[in-house]
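Counting convention: from 1, in listed order, for ligands and their atoms alike.
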Amino acid sequence: MGDTVFLNGEFMPRSRARISPDDRGFLFGDGLYEVTPAYGGRFLALDRHLARLRRGTRELRMAFPQGLEELHRELLRRNDLEDEEMSIVYLQVTRGTAPRSHAFPDPPVPATVYGWAKAFRRPTREAWEKGFSAVSVPDRRWARADLKTVQLLPQVLAQQTAREGAATDALLVRDGLALEGAHNNVFFVFGDTLATHPASNQILPGITREIVLEVAREEGITVEERPVTLAEAQRASEIFFTGTTTEVRPTVRLDGRPVGDGAVGPMTRRLQQAFLGRVNEECGAAVT
Ligand code: PDD
């Protein structure tokens, strides 16, 4: 499998890719990114990922690069990923390269556009059936968690805390509310009801979250987009995280205690099936 990346208008081997030390992504974290999944070489909801990126560029007053859809397809082609069960494309756009000064470069400089693609190994059925664990971590992010910026230090530290606690996911908690994961959204089951934090400036509006909400409603499940406290989360009968690389991931232990009866629950199973059903429908894939 090749390792061809895209940087500033050119495809090249990763080993040849160079950015300037004055890139504003490097100096200030002044940039945005997206991670988009493809199944069997077909993207899931690429339009929604690009719409989120477009909104980000508007909010941060950055230019939105042209030709991103074709760039995504070309990255899959050039890396021989069109037959992979699952692959991901990473795309990063920064405000460009200019001598260090906090305010925007004046006149503006071209954006830096960087992209790569790789195969992604989904968890085995055994691992999924066993379930995963999470730890709660204070949310130390800025007030615009709805923007997918490359400033990820709080998420990096939270994920490291999870790893050191031998957990898969970090549950970010702010003002007593269980908001989302370090790189995924979170859902809770209370009785027959599914709950997740509403889309606000405090969470990233995940595309997988949106799809899971759609399939849950199609399934006739009662859905509440509302704040959930950590205390409530500790009493949920089921917890799962959602995201591009997370899909629908069951959490069977939170902070060392079992979630519900400590096994993967029926609502999580149903939504995992419904989510994969949507994947197969949209991507013409046969993932299970
Ligand atoms: N993470 N919340 C946060 C904080 C995220 O970083 C992500 C995505 C999500 C889920 O969004 P989506 O369903 O659109 O992937 C929620 C990406 C995949 C990452 O950082 O690698």
| query | Okay, side chain of Gln202, backbone of Leu179: is any donor-acceptor separation there less than 3.5 Å? | reply | no

| note | If you scan protein heavy atoms around atom 10 (C) of ligand 1, the nearest is Asn185 OD1, 3.7 Å

| said: Taking distance alone, with N or O pairs closer than 3.5 Å, would you say His183 contacts ligand 1? | reply: yes

| said: Suppose I only count heavy atoms of Lys148 and a 4.0 Å limit; which atoms of ligand 1 are within that range? | reply: 1 (N), 6 (O), 7 (C), 8 (C), 17 (C), 19 (C), 20 (O)

| field | Charged N-O contact under 4.0 Å between Glu74 and Arg77 | value | yes

| Atoms of ligand 1 close to Tyr33 [distance to a heavy atom under 4.0 angstrom, numbered from 1] | 6 (O), 19 (C), 20 (O)

| query | Under a 4.0 Å heavy-atom limit, does Gln155 contact ligand 1 with its side chain, its backbone, both, or neither? | reply | neither

| task | May I ask you to say whether Glu214 pairs ionically with Arg48, meaning some side-chain N is under 4.0 Å from a carboxylate O? | result | yes

| request: Indicate the ring-plane relationship of Phe187 and Phe240, choosing parallel, tilted or perpendicular according to the 30° and 60° boundaries. | output: parallel

| Sidechain N-carboxylate O distance under 4.0 Å for Glu84, Arg121 | yes

| Polar contact flag for His49 and ligand 1 (N/O pairs, less than 3.5 Å) | no

| said: Do Gln160 and Glu164 pair up side chain to side chain, a donor and an acceptor below 3.5 Å, judged on atom types alone? | reply: yes

| Pair Arg52 + Glu59: basic N to acidic O under 4.0 Å | no

| query | Tell me, which protein residue and heavy-atom name are nearest atom 15 (O) of ligand 1, and how many Å apart are they? | reply | Thr244 OG1, 2.6 Å

| query | Heavy atom of Thr245 under 4.0 Å from ligand 1? | reply | no

| message | Do the side chains of Arg42 and Glu282 get close enough for a salt bridge, i.e. N-O under 4.0 angstrom? | response | no

| query | Is Arg52 near ligand 1, meaning one of its heavy atoms is under 4.0 Å from it? | reply | yes

| query | Under 3.5 Å, is there a donor-acceptor pair between the Ser136 and Asp255 side chains? | reply | yes

| note | Any heavy atom of Val35 under 4.0 Å from ligand 1? The part involved is side chain

| field | Heavy-atom closest contact (Leu44 atom, His49 atom, distance) | value | O-CD2, 3.9 Å

| said: Suppose I only count heavy atoms of Glu180 and a 4.0 Å limit; which atoms of ligand 1 are within that range? | reply: 2 (N), 3 (C), 4 (C), 16 (C)

| said: Under a 4.0 angstrom heavy-atom cut-off, which atoms of ligand 1 come close to Thr208? | reply: 12 (P), 13 (O)

| Proximity winner for atom 14 (O) of ligand 1, if only heavy atoms of Thr246, Ile207, Asp146 are counted | Ile207

| field | ligand 1 contact on Ala182 by region, counting heavy-atom pairs under 4.0 Å | value | backbone

| request: Would you mind listing which atoms of ligand 1 come within a distance below 4.0 Å of any non-hydrogen atom of Gly206? | output: 11 (O), 12 (P), 13 (O), 14 (O)

